[in-house]
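Convention: sequence-line order gives letters A, B, ...; per-chain numbering from 1. This is a predicted model, so every value here is computed, not measured.
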Amino acid sequence: MKHRIAEILTGGVAVGARVTVEGWIRTRRASKAGLSFLAVHDGSCFDALQVVAPAELPGYAEVVLHVVTGCAVRVTGEVVASQGKGQPVEVRAEAIEVVGWVDDPETYPMQPKRHTMEYLREVAHLRPRTNVIGAVTRVRHTLAMAVHRFFHERGFVWIHTPIITASDAEGAGQMFRVSTLDAANPPRTAGGAVDWNQDFFGKEAHLTVSGQLNVETYCMAMSRVYTFGPTFRAENSNTRRHLAEFWMIEPEIAFADLADDAQLAEDFLKAIFTTLLDERRDDLAFFAKHVDPGCQARLAGLVESRFERMEYGDAVRTLERSGKRFEFPVRWGMDLQAEHERYLTEEVVKGPIAVVNYPKEIKAFYMRLNDDGKTVAAMDVLAPGIGELIGGSQREERLDVLDARLDELGLDKQTYGWYRDLRRYGTVPHAGFGLGFERAIQYATGIENIRDVIPFPRAPRQADF
RNA sequence: UCCGGAGUAGCUCAGUGGUAGAGCAGGCGGCUGUUAACCGCCGGGUCGGGGGUUCGAAACCCUCCUCCGGAGCCA
């Protein structure tokens, strides 16, 4: 009977049972006169299964002794208590079939040793076979499922907001153009400009930079909604925290204010990380041992503590009084720099912190103006080592105030016609936030470069595979 | 985009002007239960590309490419 390796290693299969496992060879340790040990992994858990192949096995010399790292095998044998240390049970093979050989072992890119993350990125099609990327992949999946479970259990509805958008003024950064026109020879108007009217959508179109504006419409009907999908930014940003294509989670809640929003963010992060701690102990133990010794304690600490809340004004005062010399000066009205965020999270609070009520000048048009007329009900959740993990706000639900903001910023009211309609027909206070999914994975695992927590990273000059 | 660092064997790296090295991986041999096994032998190089200086360049100079870290932008 076929079994996943996770079942066997967690005691789900009785000692003495006959099993068949299918997977890939991680290492082979051979003893010419005696027997061979094969470490087989199938992705179902962190640990590989130890398969013991006795020399009497049919085809031992021809097959088993030539198996190398990367070979795909099918093993049938008996589950036995292990004589060695390092695993409770192993499989004593009665038959080993090589399903797929490694053509040229000398050039097979994966070796049973530690590779650099930079090198693994160059072989993105084979890196999921490694310990570290395998662990990241399971963590990513577990967190994704936890996200949906969290929202589903609280009555949120998952909204599939569009990937392609024709409203190019969302203001969240550079966008990728979507077009079917011949780039080398586009149709022109009489005036010589590119005639977008002849393009597929009859107007300029781009890949979305956020599902928020669209999801707000469903929030005004379903009350509690969220998006979870890919997002695209054409910024030429070359850092370990940015991707051109990444996944974002954006809940939106009706009849809610900024305090509700911050509470949701806190409950949400605690819930998904609690799930991760429960379900992926094996992978987290690996990250703690080889990547980031503090990752488990950091997660455990987060789920137990209450998030610190801090007014933007207080944050600025704290920084001013710190006596610390910052490269960029701190002054009310300026956005917090990376070095400021690091100081607040890593030295003052030593944990996640929600900074609220920022000056309106440095935030988006849709954020709700506070009574002081100077700040908006915005919120950034900052995390040590990551920076901004969540950005959110209460939305401006008053049409006259929203229009005044659009005018102030010189934005075209017609472009936002349907968005303004929401304020004309049954408007209610509402709020939401955006979480960069990859940043959450980075936070959980301690993986430093965001390109290593997504299967196929897209970044400037990087779209291979 | 700006600043800094790096590019030498399949991988990780050493090599500061005088004929290209190590460990791991691979092949062969040895070893009765190993844990990234161990021991011996062998094969393996456009020193990122181009140009220059020099009797002689992996090394020094110019230039381009790629990657990494930091900053900005942000999630």
Can you figure out which of [options] approaches the side chain of [X] most closely?
| X | options | answer |
| --- | --- | --- |
| A:Arg233 | B:U35, B:G33, B:C74 | B:C74 |
| A:Tyr119 | B:C65, B:A36, B:U12 | B:U12 |
| A:Val68 | B:G33, B:C68, B:G27 | B:G27 |

Roughly how far apart, to the nearest Å, are [N] and [M] at atom [atom1]?
| N | M | atom1 | value |
| --- | --- | --- | --- |
| B:A9 | B:A22 | C1' | 11 Å |
| B:G4 | B:U8 | C1' | 22 Å |
| B:C11 | B:G49 | P | 15 Å |

Classify [X] by what it touches in the nucleic acid, base, sugar-phosphate, or nothing, heavy-atom distance under 4.0 Å.
| X | result |
| --- | --- |
| A:Gln50 | base |
| A:Gly86 | nothing |
| A:Glu90 | base |
| A:Leu243 | base |
| A:Gln83 | base |
| A:Ser237 | base |

key: Presence of salt bridge, A:Lys350 and A:Glu346, under 4.0 angstrom   =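 No, A:Glu346 and A:Lys350 are not salt-bridged.
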task = Could you tell me whether the side chains of A:Thr161 and A:Thr227 share a donor-acceptor contact shorter than 3.5 Å?
result =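 No pair is found: no donor N or O on one side chain lies under 3.5 Å from an acceptor on the other.
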request  = Examine B:U12: is either OP1 or OP2 under 4.0 Å from a nitrogen or oxygen in the side chain of A:Arg114? Give yes or no.
outcome  =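 No, no such contact exists.
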